[in-house]
Amino acid sequence: MNAQTVNRRAALRTTGLLTAGLLLGATPAAAVTRRPTPAGAWAELRRGNRRWVSGKVVHPHQDRARRDEVAEKQEPYATVVSCIDSRVAPELVFDAGLGDLLTVRSAAQTIDPLVSGAIEYGPAQLDVPLIVVLGHQRCGAVSAAAHALNEGRELPGRLQDIVEALRPAYEHADGDVEKMTKLNTIGVVTELKADRLLVRRITTGRLKIVGAYYSLDTGLVTRLV
């Protein structure tokens, strides 16, 4: 067997392995699914939220086929930073499914170094094109912090850390809790936009950070910034 024959057989084996990999769902670099743009990801979230508001949800990507599809690899199109409130579940609010969203939840969507690291993971490791910071109507954490600050008392345990994180918004909200929620959401967006791991992606157009507000009464998400 000459060298030319060996090389031809090696090339055929390589081609066959690549083809088999594509058929079996493997994702070599050239076959990775193209991600949506930041604007496209936001549009997809808005479509899902409109379905939620109208009661015409489709519950996408919530079956066994989807579970099998994402078992080895995830490609979420957005990270949603939201409150821990049980009434504000991002996958429901945006009518999304398994593998669609990364969700980072904390009281009043406040952030600290660990939370920031969790938010950074999506863009830095998975090339997620969109981060949405989602505040919501009648937030209990914001109300509790506002009352504590108004009365000059300290909350027990680590709850006081939440109060301190919300203090800047409180000081500019003139006692209005809903305004405080929105100001805090905008403040978190501003902080994330200055994050050194996210800045380059923002400036090159690979990442967008949006601040939004969820109405418990209507289910509607509106953009703040």
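Applying the salt bridge (charged side-chain N to carboxylate O under 4.0 Å, His left out) rule to pairs touching residues 178-198 yields D174-K179, sequence neighbours excluded. Among residues at least two apart or in separate chains, salt bridge (charged side-chain N to carboxylate O under 4.0 Å, His left out) pairs with a member in residues 126-146 are D127-R201, D127-R206, R138-D217. Within the structure, every pair that satisfies the salt bridge (charged side-chain N to carboxylate O under 4.0 Å, His left out) test and touches residues 85-99, not counting sequence neighbours, is listed here: R51-D95, D85-R87.
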**Asked** Is there a side chain to side chain contact (heavy atoms under 4.5 Å, CB included) between V104 and V80 once you walk through the steps?
**Response** CA-CA 6 Å; V104 182; V80 180; over 6 Å; no
**Message:** Would S116 and I111 count as a side chain to side chain contact (heavy atoms under 4.5 Å, CB included) here? Give the steps.
**Reply:** CA-CA 6 Å; S116 295; I111 60 175; 3.9 Å; yes
**Asked** Can you list the steps and then say if T79 with V132 is a side chain to side chain contact (heavy atoms under 4.5 Å, CB included)?
**Response** CA-CA 6 Å; T79 294; V132 177; over 6 Å; no
**Message:** The test is side chain to side chain contact (heavy atoms under 4.5 Å, CB included); show your working for V189 and V210 and say whether it passes.
**Reply:** CA-CA 7 Å; V189 169; V210 168; over 6 Å; no
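Minimum interatomic distance between A146 and V177 (heavy atoms only, all atoms of both residues): CB-CG2, 4.2 Å. Residues P123 and I119 approach most closely at CD-O, 3.1 Å, considering heavy atoms. Nearest heavy-atom pair across L197 and A124 is CD2-CB, 3.9 Å. The two residues A169 and M180 make their nearest non-hydrogen contact at CB-O, 3.5 Å. The nearest pair of heavy atoms linking P38 to K208 is CB-CB, 3.5 Å. The shortest heavy-atom contact between P76 and V128 is O-CG2, 3.6 Å.
Residues passing the side chain to side chain donor-acceptor pair (under 3.5 Å) test with R153, sequence neighbours excluded: E151. Residues satisfying the side-chain contact (heavy atoms from CB on, under 4.5 Å) criterion with A41, sequence neighbours excluded, are P36, Y77, P129, L130. Residues meeting the side chain to side chain donor-acceptor pair (under 3.5 Å) test with W52, sequence neighbours left out: Y214.
Between Y213 and H136, the closest side-chain pair of non-hydrogen atoms is not below 4.5 Å. Residues P90 and T103 meet the side-chain proximity criterion, which asks for heavy atoms closer than 4.5 Å. At a threshold of 4.5 Å between non-hydrogen side-chain atoms, the residues Y170 and V163 do not count as touching. No side-chain heavy atom of L134 sits under 4.5 Å from any side-chain heavy atom of V81. The closest side-chain heavy-atom distance from T110 to V115 is not below 4.5 Å. Looking at L92 and V57, their side chains never come closer than 4.5 Å, going by heavy atoms from C-beta outward. By the 4.5 Å heavy-atom criterion applied to side chains, R46 and E44 are not counted as neighbours.
Atom CG of N184 is separated from atom CZ of R167 by 13.5 Å, given to the nearest 0.5 angstrom. Atom CG of L102 is separated from atom OH of Y121 by 8.0 Å, given to the nearest 0.5 angstrom. Atom CG of residue L166 and atom CD of residue Q109 lie 8.0 Å apart, to the nearest 0.5 angstrom. Taken from CG in D100 to CZ in R66, the straight-line distance is 5.0 Å, to the nearest 0.5 Å. Between the CG atom of L207 and the OG1 atom of T37 there is a distance of 12.0 Å, given to the nearest 0.5 Å. One distance of note links CZ of R105 with CD1 of I84; it measures 8.0 Å at 0.5 Å rounding.
Connection of L192 to V225 is established within a shared hydrophobic cluster, with ILVMFWY side chains joined at heavy-atom distances below 4.5 Å, either directly or through further cluster members. Under the 4.5 Å side-chain contact rule for hydrophobic residues, I202 and L126 do not share a cluster. In the hydrophobic clustering of this structure, V142 groups with L155; members are Ile, Leu, Val, Met, Phe, Trp, Tyr whose side-chain heavy atoms approach within less than 4.5 Å, directly or through other members. Under the 4.5 Å side-chain heavy-atom criterion for ILVMFWY residues, a single connected hydrophobic cluster contains both L198 and V188. Note on L101 and V221: same hydrophobic cluster, where clusters join Ile, Leu, Val, Met, Phe, Trp and Tyr whose side-chain heavy atoms are under 4.5 Å apart, directly or indirectly.
Using a 4.0 Å cut-off between charged side-chain N and carboxylate O, D161 and R158 make a salt bridge.
Panel note: side chain Q74, backbone G99; no donor-acceptor pair is recorded below 3.5 Å.
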